[in-house]
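Notes for the one structure printed next.
Note that the structure is a prediction, hence the values are computed from the model and not measured. Values below: all heavy atoms of this structure, side chains included; hydrogens, waters and symmetry mates excluded.
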Amino acid sequence: MKILNIYITLVLLLCTLVVSAQQDPNYTFYRYNMNLINPAYAGANDGTDIGLNVRSQWASVEGAPETQSVIFGTPMGKNLGIGVSIINDRTFIENQTSVALDFSYKLKLNEKNRVYFGFKAGFNSYDANTSGLMTYGISQDPSLMNIDGRYNVNFGAGVLLKNEKYFIAFSIPKILTPERLEHDDGIARLGVDRMHMYLAAGYDFRLSDNVVLKPSVLFRHVNASPLSVDATALLELSKRFEIGAAYRLDESMSGLLIFKANQWFQIGYAYEAAFESPVRDLDNGTHEIMLNIKL
């Protein structure tokens, strides 16, 4: 059993470091947590939004990626919006937490269309337990000696075009590229975060008084990494349930279910199955839970 645990941990380490070009977590419920990647969403819903999201990848495998996030957004006055976004992300020996303040400004184009400009400012803490590398036979660069407990300031920007039926959004949530761990030819070295750019769009088709089709797509570009594409389709029934599926290009398929208890509270669950997994015989897929409150 000890040998098996070492093997699993080593596989997780190699997988998470090899794909380190894409360093920020994915979200199946991205449409309902856009504040995390786009500050223009702060206060854009003309009310106060509070959201909680928990994502567990490769469930039941010790050390597998886990992400918890919290969002808050509310309008301030006629055209301003403010918010807070918090993300805690843990993967094997790495753990990082980011806290950011979000600001948005609304520009009214006409009676139906509005543009929101957003700015995000915050800090990120990063820890990597590099002492665990030697245990599993991974060599490390001497520069990793002081990688634990690092704090970095960062900022980002975004824009949102919004209508009652559709939205189009573009953002760069972290413009600066602080140092972090990366893998290179069997040696763990000191690398840098890579800039992530997001383009999202969605449209709501009202099929009847009680049925609305909600397709959306999210493109994510990271330097030195293939383009990531999430396509999602949800069917809203009687303003009470939303059920649908999501496809991440060449990576996974997901099923989603959202229950709206009332006008201000909804809860959602998503199950994601990867097309390929290094621990396929051990993991129980990826689970994601969402709680949203609208005041």
Of the non-hydrogen atoms in [X] and [Y], which two are nearest, and what is the gap between them?
X	Y	value
Gly158	Pro39	N-CG, 3.9 Å
Ser69	Tyr27	OG-CE2, 4.1 Å
Ala42	Gly83	CB-N, 3.9 Å
Arg240	Ala261	NH1-O, 2.5 Å
Pro75	Gly47	CD-O, 3.3 Å
Leu218	Ile37	CD1-CD1, 4.2 Å

Kindly write out the residues that satisfy side chain to side chain donor-acceptor pair (under 3.5 Å) with [X], not counting sequence neighbours, or none if the list is empty.
X	value
Asp204	Arg31
Tyr166	Asn113
Tyr105	none
Ser254	none

Atom pair [atom1]/[atom2] of [X] and [Y] - distance to nearest 0.5 Å:
X	Y	atom1	atom2	value
Tyr247	Thr232	OH	OG1	12.5 Å
Asn45	Leu295	CG	CG	12.0 Å
Ser208	Leu237	OG	CG	9.0 Å
Tyr198	Ile172	OH	CD1	11.0 Å
Leu80	Phe103	CG	CZ	10.0 Å
Phe72	Asp102	CZ	CG	11.0 Å

Self-check item: Intermediate values then yes/no, side-chain contact (heavy atoms from CB on, under 4.5 Å), Phe259 and Phe241
Solution: CA-CA 5 Å; Phe259 171 66; Phe241 295 95; 3.3 Å; yes

Quiz item: Are any side-chain N or O atoms of Asn154 and backbone N or O atoms of Leu176, one a donor and one an acceptor, separated by less than 3.5 Å?
Solution: yes

Quiz prompt | salt bridge (charged side-chain N to carboxylate O under 4.0 Å, His left out) partners for Glu111, two or more places apart | solution = Lys108

Exercise. Kindly determine whether Val84 and Leu101 satisfy side-chain contact (heavy atoms from CB on, under 4.5 Å), including the steps that lead there.
Key: CA-CA 5 Å; Val84 178; Leu101 294 177; 3.8 Å; yes

Return each pair, listed once, that meets salt bridge (Lys or Arg N to Asp or Glu O under 4.0 Å) where at least one residue sits in [range]; pairs must be two or more places apart or across chains.
range	answer
residues 40-56	Asp49-Lys294, Arg55-Glu272, Arg55-Glu288
residues 205-219	Lys214-Glu236, Lys214-Glu242
residues 70-88	none

Exercise. Start with the C-alpha gap between Asp24 and Lys174, add the side-chain angles, then the distance that decides, and say whether salt bridge (charged side-chain N to carboxylate O under 4.0 Å, His left out) holds.
Key: CA-CA 10 Å; Asp24 288 350; Lys174 293 189 294 185; 3.2 Å; yes

If you group Ile, Leu, Val, Met, Phe, Trp and Tyr by side-chain heavy-atom gaps below 4.5 Å, do [X] and [Y] land in one group?
X	Y	result
Trp264	Ile71	no
Phe119	Val99	yes
Leu249	Leu227	yes
Phe167	Phe205	no
Val153	Tyr126	no

Not counting sequence neighbours, which residues clear side chain to side chain contact (heavy atoms under 4.5 Å, CB included) with [X]? List them please.
X	value
Val159	Val115, Phe117, Phe170
Tyr269	Tyr271, His287, Ile289
Ala169	Met34, Asn38, Tyr41, Leu160

Quiz item: Hydrophobic cluster mates of Leu256, side-chain heavy atoms under 4.5 angstrom, ILVMFWY only, any path?
Solution: Phe29, Tyr32, Leu234, Ile258, Met290

Quiz item: Can Ile82 and Thr74 be said to form a side-chain contact (heavy atoms from CB on, under 4.5 Å), step by step?
Solution: CA-CA 6 Å; Ile82 63 171; Thr74 188; 3.9 Å; yes

Self-check item: Member of Arg248, Arg220, Glu251 meeting the side-chain contact (heavy atoms from CB on, under 4.5 Å) criterion with Asp230
Solution: Arg248

Quiz item: Between Tyr30 and Ser216, is any side-chain donor less than 3.5 angstrom from a side-chain acceptor?
Solution: yes

Exercise. State, without any angle test, whether Lys120 and Asn35 hold a side-chain donor-acceptor pair at a distance under 3.5 Å.
Key: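 Absent: no donor and acceptor within the cut-off.
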
Exercise. Could you tell me whether Met197 atom CE has more than 12 heavy atoms of other residues or ligands within 6.0 Å of it?
Key: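 More than 12 heavy atoms, drawn from other residues, nucleotides or ligands, come within 6.0 Å of this atom.
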
Practice problem: Please report the C-alpha distance between Leu291 and Ile50 in whole Å, then the side-chain angles of each, then the deciding distance to 0.1 Å, and finally whether the side-chain contact (heavy atoms from CB on, under 4.5 Å) criterion is met. | Solution: CA-CA 8 Å; Leu291 296 174; Ile50 302 172; over 6 Å; no

